[in-house]
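Below is one structure, written out as structure tokens; the observations come after it.
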Amino acid sequence: MIHDEDTGETVCGSCGLVVTESVIDGGPEWRAFTVEERESRTRVGAPMTYSISDMGLSTVISPADKDAHGLKLPPDTRLQMRRLRIWQARSRIYSSEDRNLAQAMSELDLLADRLHLPLLVKEEAAVIYRKCFDKDLVRGRSISAIAAASLYAACRLNQTQRTLRELSRNTKMDLKEVSRAYRLIQKELRLQMPVPSPLLRVPKIAAMLGLREETQRRAVDILRRAERLRFTAGKDPMALAAAALYIACLMSEEACTQKMISEAAGVTEVTIRNRYKNLKEDLKIDI
DNA sequence: TAAGATAAGAGGGACAT
DNA sequence: ATGTCAGTCTTATCTTA
């Protein structure tokens, strides 16, 4: 086994197989060159994070009735500490705000995990959820719906290719609920979403079908031309990408049926046919 | 068997009431 | 707030090559 500190990969020394891709580095994230620097930068505690309901910053009073030197506390101090612990716990979790956030964050965790979303996206979703909470958008709606919608919004903002359907499939809710919540928060928070480009969907579909690089390139060409002529507005990007790939397959004589593409892209064959038809007409493509 | 055609229905945006 | 309209996409079924 060879461990590569730079990439964090552990690689088998004889065959080159990557065993684990990410290794947790327990060391500090800063560097220090002098003793003074080291001392001034040293700090204690977990890093702050948005995906724990209190951002990981709350104080925890140790349950052991000992002082800093490990000696038992005198009885009256012990009683006082016990009372403090109770109030501390109440103020942390038992306020309705924190209960709400705590539940939302755990749902976010679960969902992000299932969809293999990067930490960055999850943290952004957590920020969005907090904004929703502050704007009072959660009251009267389900926490799960707002949490799922926040995650979807974070995906969109980061151009991370996940469909609303993929998201709702991993929750108990149906697509309608999540998309309603998503539209609500998009409107209320005035989120400026990047326009979803069909170009970015091509690799995803092509990879599922194992299509050649050449075919992908042709599909991208077709979509570029269509975008330039404004034929793509208002159409499902996934459907456009699927249709372009279908045309590309025909042109490069790569065997691929509409059905295969429709399954990989998550759009129906009929929709692919429609997009295929007007792409062909609009761009005057002869196959 | 794959691809095309047709029709009915759902859901949401734009716009008027 | 509620209703209507055009356009998109889905589901289902039938036809064609």
Side-chain angles (χ1 to χ4, degrees), chain A residues 128 132 135-137 139-142 144-146 148-157 161-202 204-206 208-212 215 218-219 222-223 225-287:
Chain A
I128 294 171
C132 292
K135 283 209 152 204
D136 227 13
L137 301 181
R139 201 201 302 267
R141 298 189 178 83
S142 88
S144 314
I146 303 288
S150 301
L151 195 59
Y152 178 65
C155 287
R156 291 282 298 262
L157 286 171
Q161 301 297 312
R162 294 288 186 288
T163 60
L164 207 41
R165 198 176 329 160
E166 284 175 282
L167 244 123
S168 67
R169 204 184 295 137
N170 283 284
T171 67
K172 291 183 287 270
M173 294 158 290
D174 60 12
L175 203 145
K176 261 195 292 181
E177 271 181 278
V178 186
S179 78
R180 247 200 296 274
Y182 167 65
R183 274 194 307 280
L184 176 82
I185 72 179
Q186 190 197 6
K187 203 166 130 196
E188 293 295 324
L189 302 183
R190 303 212 152 64
L191 296 176
Q192 295 290 323
M193 290 298 171
V195 184
S197 164
L199 296 176
L200 295 173
R201 317 263 170 168
V202 171
K204 185 169 173 174
I205 305 172
M208 287 177 79
L209 296 170
L211 297 177
R212 297 205 311 262
T215 313
R218 275 182 204 253
I222 293 168
L223 291 173
R225 282 168 59 202
E227 273 188 341
R228 208 173 314 133
L229 296 169
R230 313 272 162 204
F231 287 139
T232 54
K235 313 282 199 303
D236 180 1
M238 198 60 108
L240 282 164
L245 269 169
Y246 179 62
I247 296 177
C249 280
L250 294 181
M251 293 199 311
S252 55
E253 285 169 349
E254 189 157 1
C256 193
T257 65
Q258 291 179 357
K259 189 169 174 55
M260 287 159 66
I261 295 191
S262 85
E263 277 166 10
V267 249
T268 62
E269 294 163 77
V270 179
T271 306
I272 292 180
R273 281 200 277 275
N274 292 337
R275 293 291 78 79
Y276 160 64
K277 206 163 74 177
N278 41 40
L279 274 179
K280 211 165 58 169
E281 285 164 7
D282 294 344
L283 301 178
K284 306 197 173 34
I285 294 175
D286 292 316
I287 296 163

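In what follows, chains carry the letters A, B, and so on, assigned in the order in which the sequence lines appear, proteins first and then strands, with residues in each chain numbered from 1. On a predicted model such as this, the values are computed, not experimentally measured, just so you know.
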Completion exercise
Judged by nearest nucleotide, the residue sitting upstream toward the 5' end of DNA chain B, A:Cys256 or A:Arg180, is A:Cys256
Exercise for the section: Only one of A:Glu254, A:Glu263, A:Met260 passes side-chain contact (heavy atoms from CB on, under 4.5 Å) with A:Leu209; say which it is. Expected result: A:Met260
Exercise for the section: State whether A:Thr271 places a side-chain N or O below 4.0 Å from either non-bridging phosphate oxygen (OP1 or OP2) of C:dC9. Expected result: no
Problem - A:Met260 CE to B:dA2 P, straight-line distance once rounded to whole Å - result: 10 Å
Exercise for the section: Return no unless some side-chain N or O of A:Arg273 is found under 4.0 Å from OP1 or OP2 of B:dA5. Expected result: no
Fill in the blank from the handout: When rounded to whole Å, the CG to C1' distance for the pair A:Leu175 and C:dC9 reads 12 Å
Problem - Residue A:Arg275, side-chain heavy atoms: nucleotide from C:dT8, B:dA3, C:dA12 that is nearest - result: C:dT8
Handout entry: Side chain of A:Arg183 - closest among C:dT10, B:dA2, B:dG13
Key = B:dG13
Exercise for the section: Check every atom of C:dT11, C:dC9, B:dG12 against the side chain of A:Val270 and return the nucleotide holding the closest atom. Expected result: C:dT11
Practice task
Report yes if at least one side-chain N or O of A:Tyr246 is closer than 4.0 Å to OP1 or OP2 of B:dA3; otherwise report no.
Solution key: yes
Exercise for the section: To the nearest Å, give me how far apart NZ (A:Lys187) and P (B:dG13) are. Expected result: 9 Å
Exercise for the section: Could you check how far NZ of A:Lys259 sits from P of C:dT10, rounded to whole Å? Expected result: 14 Å
Exercise for the section: Write down the distance between CD (A:Glu269) and C1' (B:dA3), rounded to a whole number of angstrom. Expected result: 9 Å
Practice task
Please check the phosphate of B:dG12 (OP1 and OP2 only) for any side-chain N or O of A:Ser179 closer than 4.0 Å.
Solution key: yes
Handout entry: A:Thr257 side-chain proximity, nearest of B:dA5, C:dC9, B:dA2
Key = B:dA2
Practice task
Write down the distance between NZ (A:Lys235) and P (C:dT10), rounded to a whole number of angstrom.
Solution key: 14 Å
Fill in the blank from the handout: note: A:Leu184, atom CG; B:dG13, atom C1'; distance rounded to Å ~ 16 Å
Exercise for the section: Provide, to the nearest angstrom, the distance between the CD1 atom belonging to A:Ile272 and the P atom belonging to B:dA3. Expected result: 10 Å
